Amino acid sequence: MDVDEGSSLDTIGDQSVPQHSRRCKAFHQFTQQSLPACKPVLTPKWVSSWRTTICEGLFLKMFFTVFGYLQVVEIVDRYDAECIPEAYKSNKMAYIKDNSIPKNCSQFLKVYKRMKAPIYIYYQLDNYYQNHRRYVKSKSEQQLLHGLGSNDTSSCKPQESNNGLPIVPCGLIAWSLFNDTFTFIRGKSELKVSRKNIAWKSDRDHKFGKHVYPFNFQNGTLIGGGKLEPSIPLSDQEDLIVWMRTAALPSFRKLYGRIEEDLDTDDVVVVKLMNNYNTYSFGGKKKLVLSTSSWLGGKNDFLGAAYVFAGSSCIFVSLVFLLLHTKIPGN
Amino acid sequence: MALKDRLGVKKSASGNKTSGDGKEMHYRGVRKRPWGRYAAEIRDPGKKSRVWLGTFDTAEEAAKAYDDAAREFRGAKAKTNFPLVPTDTAAANDAVSQHSPSNSSSVESSGREAPEREPTRCVGGGGPVVGVFPFLQQPQPVPVPVMQQQVVYGGLSHARGQVLFLDALKRGEYVSTVFPVRYGTSTVEFDGGVVSGPFLTHSESDSSSGVDGQPKKLLDLDLNVAPPGGYIRTERTAPLRVWNRGPRHQHSFRGGRGSRQGRTRSTILTRTKERDQDLDEQPRVMGITQISPFDCFSYDGSDLISVNRLLRFMNQYFLLIACLQLWSLITPVNPASTWGPLIFIFAVSATKEAWDDYNRYLSDKKANEKEVWVVKQGIKKHIQAQDICVGNLVWLRENDEVPCDLVLIGTSDPQGLCYIETAALDGETDLKTRLIPSACMGIDLELLHRIKGVIECPIPDKDITRFDANLRLFPPFIDNDLCPLTIKNTVLQSCYLRNTEWACGIAVYTGNETKLGMSRGIAEPKLTAVDAMIDKLTGAIFIFQIVVVMVLGIAGNVWKDTEARKQWYVLYPEEGPWYELLVIPLRFELLCSIMIPISIKVSLDLVKSLYAKFIDWDNEMIDQETGTPAHATNTAISEDLGQVEYILTDKTGTLTENKMIFRRCCINGIFFGNETGDALKDSRLLNAVATGSPDVIRFLTVMAICNTVIPIKSKSGAILYKAQSQDEDALVQAASQLHMVFSNRNANILEIRFNASIIRYEVLETLEFTSDRKRMSVVVKDCQNGKIILLSKGADEAILPYAFTGQQTRMFIEAVDQYAQLGLRTLCLAWRELEEDEYQEWSLMFKEASSTLVDREWRIAEVCQRLEHDLEVLGVTAIEDRLQDGVPETIESLRKAGINFWMLTGDKQNTAIQIALSCNFISPEPKGQLLLIDGKTEDEVRRSLERVLLTMTITTSEPKDVAFVVDGWALEIALKHYRKAFTELAILSRTAICCRVTPSQKAQLVEILKSCDYKTLAIGDGGNDVRMIQQADIGVGISGREGLQAARAADYSIGKFRFLKRLILVHGRYSYNRTAFLSQYSFYKSLVICFIQIFFSFISGVSGTSLFNSVSLMAYNVFYTSVPVLVSVLDKDLSEETVMQHPQILFYCQAGRLLNPSTFAGWFGRSLFHAIVVFIISIHAYAYEKSEMEEISMVALSGCIWLQAFVMTLETNSFTILQHLAIWGNLVVFYIINWIFSSLPSSGMYTIMFRLCREPSYWITLCLIVGAGMGPILALKYFRFTYRPSKINTLQQAERLGGPILSLGNIEPQSRSIEKDISPLSITQPKNRNPVYEPLLSDSPNTRRSFGSGAPFDFFQSQSRLSSSSYSRNCKDN
């Protein structure tokens, strides 16, 4: 059988049918467990050379990372607490639930470093569990794409229908749509804010229907978050699309828009905002973030710090081993 | 009724010739036996030979039997003991009822006997199974007693024996005499009492004449035979389904069994039918052949979703998980993530089984549909093999394969001989002769088709060396006499007919009930130590999982009530359903279910079968002489090979070549061959032969004819000997070289050519060799002078004690000792002339013994003993059995590897010790020391055992090779009464030699070692090793000269002993290492992903959200992590050469150092660490605006996959192209699969992967994960490798740097102890295994094995001292 074939090849020589025999030889080696193998061994020389390479790599990356993030300018402003009128400080819930109280509010942001356009506007929610299982499941991709045509909205519970009529878009995610709004004024003029193309193109094109219009939305007794303009198809409701990309972490930022103008150092930006969204009941925080971006994206101290840590610990370990190697010569 | 038949025929109750008490009449043809029974015999006028009629309890019965026979032979005018007086049944019954059952010999005999028997038959219910299979066309309907049916009904469920009728249709009287079937100690008799109709017969001479009486029912028989109980019951409920092809469910039952056992050939159903319905359909009824064609597909389905498989715990677990996932409220992921792998895994294993089943089906079909010639109803027909039923007369032509087990009744040979090749059955390639029973001698061809009779045979078993049955033919086949059948009269399924033009026989077992079919047992699944460890670890992980689930479940419920209710966007209802509290724990259970890797069993199955394939493929284990490759029959236990601690080896044929060469002999005190080393070249012997010294001639005669060798003349004129025993072959060869040429065996006539003259002997009896008797004899009649001579050869202790009183046996004892010293095998030859009378009397006893059904072997031995005494010992032969190549080296290496060797041999002590010395088994003095355990009585054995134990304890502190030697006799006493002490000794001693042991003792020794939790390997080559091989954890068979019996029973078969080294050191060790890695890695990768899920639940409100999507989870389990790890089957930590040079390294495997709780803890820690690294880095690197769920999930998953690739790299010791392909190819596949999913708009991860791959931060994150995950592990490994290297590391370094290999020092096996308070019978003390912290280098061996504290010999005192007389040897015990 195979074995015989292999052994005969071994003895008779394998030049006769080179193409065929190579395959046979490989199989023979496989069956005999004698495939050529390289066997790395952890010798000091080998290890130290690799260590050096890794350390160098880490440092290089650290340099680039830190350098990249250093270019990012980020202004974070928490406004949820400040936007409550003094009278309601002790009873935030009453404030936010009372529709008659005007929710508008102004915040002043000082630009500490020159920011180049485009400047991304994010709202940040902390302690908000978009990844809660009840929440994260509560949407219907089919309905978002096909509208009322899709009947299976059971996953949308408990917001799948109201007054016997289906809700479009259904589910808790859509129902709790974030509805604070921001306008930015520098000096006298309003800053030019682009609110288009904030959602992923793929979502607009393939996940949200072009002919699906909101229906029976926020019509129930319990009103969650923002309302949707019934005349605009879902694929153009970019705030909804952004919101529907659930965040994996309880603290997350979502893109609100882009400021298309540069901001200079010491510019003061006045933010006129409508503080509609209720985070007071569960102690969530709302922040407004203006940020430029680098090749690595937004500001992220962690990666830089981690690389610093990794690089230095690598060097530390190298030194330890070097010491060990000189002091206690192993075999 | 039984007794009526007998009476009815020709008994005359009035022929009352018995006299008063104590005095007995002398009847014609009847002889009284010393033990009180009566034997009847008649001389057959036609053949001029004596015909045995059987033994009877009373003289009258015997006399009647004689009368019957006499009338048969000589007609009505025959001289008989009783006049022929027809009696009617009523009278007979009266006679019976009136007759007191006293043992006086008064009145008529049969009537007396029958009533005694019948009740027991009835009550027993387990009567013999009766099959009637007439193939004769009956001229008229013949009633058959109901009792047969009764038997079928009652008997099937506990049938202990069976009776086959060749033609039972009319002759009730035979039934009544024949049927008692004695089995074991209980007598189960046939229920004759149920026969309801009078059972009158007609005169015997006219077999076809009518019978009157009103039979009610008839068993129609089928022949077959009693399948086990429940099976039959189903049959009974549907007796009328006989004619359709049989109930389907039965097939599937059978089939199901067959599929597990191996192949099913044909199935035969038993059925009964009202006779009356078929009276006019006689031929059909009588020839019933009900066979169910074996049908594969009826059971295939049940195997596909193998119930077994589902019943295993792990599968139940996964099934439960999968079912839970169907509940959408609690499922965190798509059910597909569990169902997918589950279905995939079942599909893989089911495909494998289906393929096996299909192949089996094909081969079954081929076997079932083979055409055979069968005589049915007197007509020769061509039918398919599956349609043969019991009782059919099957015709075979030369070179035909035998389709079922047959009792031979005719051959082309005038002497009734035929030759068969049994290679397929036992692997022996020599031709065996088979003989037709004496009763069938001389029946001519035409009559054979019309033969009728009864065969009484045991229930099917798998012993291919025994067939204890009786045959009785019915008139007109005169020998209506019980004719014993032995295995010699059978041809078994799968043998081939050779050198014989034709042969025919009665099918006695068919289908799965043939000897071959029965021996295809279900191999008991063996669980390796590694498997057991994996199961334990799985259990531990399961418990861990439950704890995690409970903690998280409680935390989840608490968080829900404190926090989640405030979160309006989650919209928790105020009142949940009653099971609300359970939802979160169950959800976590599902999330954590991946902790137990679903793929591990399938991966292990796959790699294990690959290990087995590597063994099959290994060119270096091909025996060059015969071209036999090694073969792994059991594919599941390769790891155990690497953990072997004890090897129990047979000697002959295993260590030695089993190629016997006659070297020396001692004839009447003269030693031949001492100078030259070869007696055949000793001129003195040659001279003695030439001068015709009578001693030498007799010696040579015994050598030449006291055997079972078949000489075959080849075309060139040379004589080839076909011998079953190599010793016999050597003797015959040697004799022929000394001009005593055994030239021909023609039936019973042996021809010997001595110088130019031809001497003929007629073989009267052959007293066969058994391992208990240890000798064989033949009784021959010298055709020249008519002298009857007994020729014996055997072991010295089986021959010398039986020398006649005057003979000096000292010189023979000396010769035996001297030869044994040289390591030669000795046989003593002896002879005795017998008186004609002595022989005649003995031959009757022998005949009787050989026709017993119960304990035949033992009874034959007893009878043989009656003849084998007062022998004249002629001399001693010495045969050399050379050691196989490489045996000493192999044993030395394996002993270095810490494996203890025991030699278990049937040979004598001196020979065994010599062989042991010559193959490094034991060291010669002064390094080694041999301790002898002997003694004939319990006391002696005890003392000797105590002494040896004491010495052994003392010498453990010295670096001395101590071995003990025990012989079978002492061993039996030791095992029976001092089991605990002996076990202690077994643990203390690294080496033992057990000589003169029986197969069952070999198995017992294995059992003792196993009970101490040692991994045992038994290696042997012959049928006598089979039990040991099956008993041991690993059985290795050597496919040697003694046939393949051992190799078939074994888990592994190799061609030569020396391959054992490679098998253990290379294959066993690699298998262990690889499985250890593979299994732990499987847990590791599952734990990593599971820990990440658990961590994620802390930042998702403990609500049981799954970070990973279903597709990823499924693919992670099934592809990304389980496929690449499969290439670890190619990993080699050390090269084969290094391992062979440093066998000590095996200790790591023996001690289980690579897979145990602490190594597992390491992997557990690693998985925790990696989960933390992946989780922390990915959630921080992808915080804030990037914290999109799908993205983070893919980042984390990629992190896991990358880490896994590097872990694989780190743990792989040798990279072949396949490893690179698997590790890096897997990464590529990962991206390809995810890109594919990312390009599907409907999938949840649409565009995610493209998006990530474009982001530099993704790659930076991955680098960080890999660096942070692998850095510490690499550093740790490097630290260990450099500063605390294990022996493996040292060898690796030396091997790869090409430097000098440093001395490894002594790797000591760990200490073991037995505590004192263990009961002698169950020694289950676990070994003290300290898996990791074992000091590797321990110079003093005194810590090696330790005793329990206190006096170790207490247990002797506690033993009750039985008198030594209770040790009377009883062959039956063995």
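Throughout, protein chains are lettered first and strands after them, A, B, ... in sequence-line order, and every chain is numbered starting at 1. This one's a predicted model, so the numbers in the text were calculated from it and none came from an experiment.
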Please give me the minimum heavy-atom distance between Trp175(A) and Trp568(B), naming the atom from each residue. CZ3-O, 3.7 Å
Under 4.5 Å, counting heavy-atom pairs only, tell me which of Pro1241(B), Ser1193(B), Gly627(B), Ala1183(B) racks up the most with chain A. Pro1241(B)
With only heavy atoms counted, which part of Gln142(A) is less than 4.5 Å from chain B, the side chain, the backbone, both or neither? neither
Side chain proximity check, Asn619(B) to His28(A), heavy atoms < 4.5 angstrom: yes
When heavy-atom pairs shorter than 4.5 Å are enumerated against chain A, which of Tyr1182(B), Tyr1258(B), Trp559(B), Tyr1070(B) gives the highest number? Trp559(B)
Please say which of His206(A), Glu141(A), Lys207(A) ends up in a side-chain hydrogen bond (donor to acceptor under 3.5 Å, both in side chains) with Tyr1246(B). His206(A)
Is it the case that more than 12 heavy atoms not belonging to Phe1250(B) sit under 6.0 Å from its CZ atom? yes
Can you confirm whether Phe30(A) sits close enough to Thr1216(B) that some side-chain heavy atom of one is under 4.5 Å from a side-chain heavy atom of the other? no
Going through the distances and angles, do Leu1264(B) and Tyr307(A) end up as a side-chain contact (heavy atoms from CB on, under 4.5 Å)? CA-CA 7 Å; Leu1264(B) 191 62; Tyr307(A) 270 108; 3.7 Å; yes
Taking the side chain as C-beta and beyond, is there a heavy-atom pair between Asn131(A) and Phe1096(B) under 4.5 Å? yes
Region of Leu35(A) that comes under 4.5 Å of a non-hydrogen atom in chain B: both
Counting heavy-atom pairs closer than 4.5 Å to chain A, which one of Glu1185(B), His1220(B), Glu1191(B), Lys566(B) comes out on top? Glu1185(B)
Counting only non-hydrogen atoms closer than 4.5 Å, does Asn278(A) touch chain B with its backbone (N, CA, C, O), its side chain (CB onward), both, or neither? both
Side chain, backbone, both or neither: which part of Ile1192(B) has an atom under 4.5 Å from a heavy atom of chain A? side chain
Quick check on Leu1218(B) against chain A: is it the side chain, the backbone, both or neither that has a heavy atom closer than 4.5 Å? side chain
Quick one: pull up OH in Tyr1184(B) and CG in Leu249(A) and give me the separation to the nearest 0.5 Å. 9.5 Å
Would you say that Arg1251(B) contacts Ser202(A) through its side chain, given a criterion of any heavy-atom pair below 4.5 Å between the two side chains? yes
Region of Pro250(A) in contact with chain B, defined by heavy-atom distances below 4.5 Å: both
Just so I understand: if I count every heavy-atom pair under 4.5 Å between each of Glu1255(B), Gln1292(B), Gln567(B) and chain A, which residue has the most? Gln567(B)
Yes or no on side-chain contact (heavy atoms from CB on, under 4.5 Å) for Ile1248(B) and Trp200(A), after CA distance, side-chain angles and deciding distance? CA-CA 10 Å; Ile1248(B) 299 285; Trp200(A) 295 2; 3.6 Å; yes
CA sep, side-chain torsions, deciding dist, call: Thr1105(B), Tyr129(A), side-chain contact (heavy atoms from CB on, under 4.5 Å): CA-CA 11 Å; Thr1105(B) 316; Tyr129(A) 288 89; over 6 Å; no
Is Ala247(A) in contact with chain B via its backbone, its side chain, both, or neither, using a 4.5 Å heavy-atom distance? both
Non-hydrogen atoms of His132(A) and Ser1103(B) that approach each other most closely: NE2-CB, 3.3 Å
Decide if atom NZ of Lys92(A) counts as having more than 12 heavy atoms of other residues, nucleotides or ligands within a radius under 6.0 Å. no
When the 4.5 angstrom heavy-atom criterion is applied to Ile1099(B) and chain A, the contacting part is both
Side chain from CB out, backbone as N, CA, C, O: work out which of these in Leu222(A) comes under 4.5 Å of a heavy atom of chain B, or both, or neither. side chain
Parallel, tilted or perpendicular: which describes the rings of Phe321(A) and Phe1279(B), with under 30° parallel and over 60° perpendicular? tilted
Chain B: which of Gly224(A), Ser138(A), Cys38(A) shares the most heavy-atom pairs with it under 4.5 Å? Cys38(A)
Would you check, one step at a time, whether the test side-chain contact (heavy atoms from CB on, under 4.5 Å) holds for Thr1247(B) with Lys201(A)? CA-CA 10 Å; Thr1247(B) 71; Lys201(A) 190 170 183 304; over 6 Å; no
Going by heavy atoms in the side chains, are Gln32(A) and Glu1136(B) under 4.5 Å from each other? no
Largest heavy-atom contact set with chain A, pairs under 4.5 Å, which of Ile1217(B), Ile1177(B), Thr1212(B), Val1102(B): Ile1177(B)
Between Tyr569(B) and Asn127(A), what is the shortest heavy-atom contact and its length? OH-O, 4.2 Å
When the 4.5 angstrom heavy-atom criterion is applied to Glu1190(B) and chain A, the contacting part is side chain
When Gln159(A), Gln130(A), Gln33(A) are compared by non-hydrogen pairs under 4.5 Å with chain B, the top option: Gln33(A)
Heavy-atom pair count under 4.5 Å with chain A, highest-scoring of Ser1097(B), Ala1181(B), Ser1257(B): Ala1181(B)
Side chain / backbone / both / neither for Tyr128(A) at chain B, heavy atoms under 4.5 Å: both
Minimum heavy-atom distance between Ser251(A) and Ser1187(B), given as atom pair plus value: O-OG, 4.3 Å
Tell me, for Tyr123(A) versus chain B, whether the close heavy atoms (under 4.5 Å) come from the side chain, the backbone, both or neither. neither
Taking the six-membered ring for Trp, are Phe302(A) and His1180(B) parallel (under 30°), tilted (30 to 60°) or perpendicular (over 60°)? parallel
Heavy-atom pairs under 4.5 Å with chain B, option from Pro36(A), Gly225(A), Gly284(A) with the top count: Pro36(A)
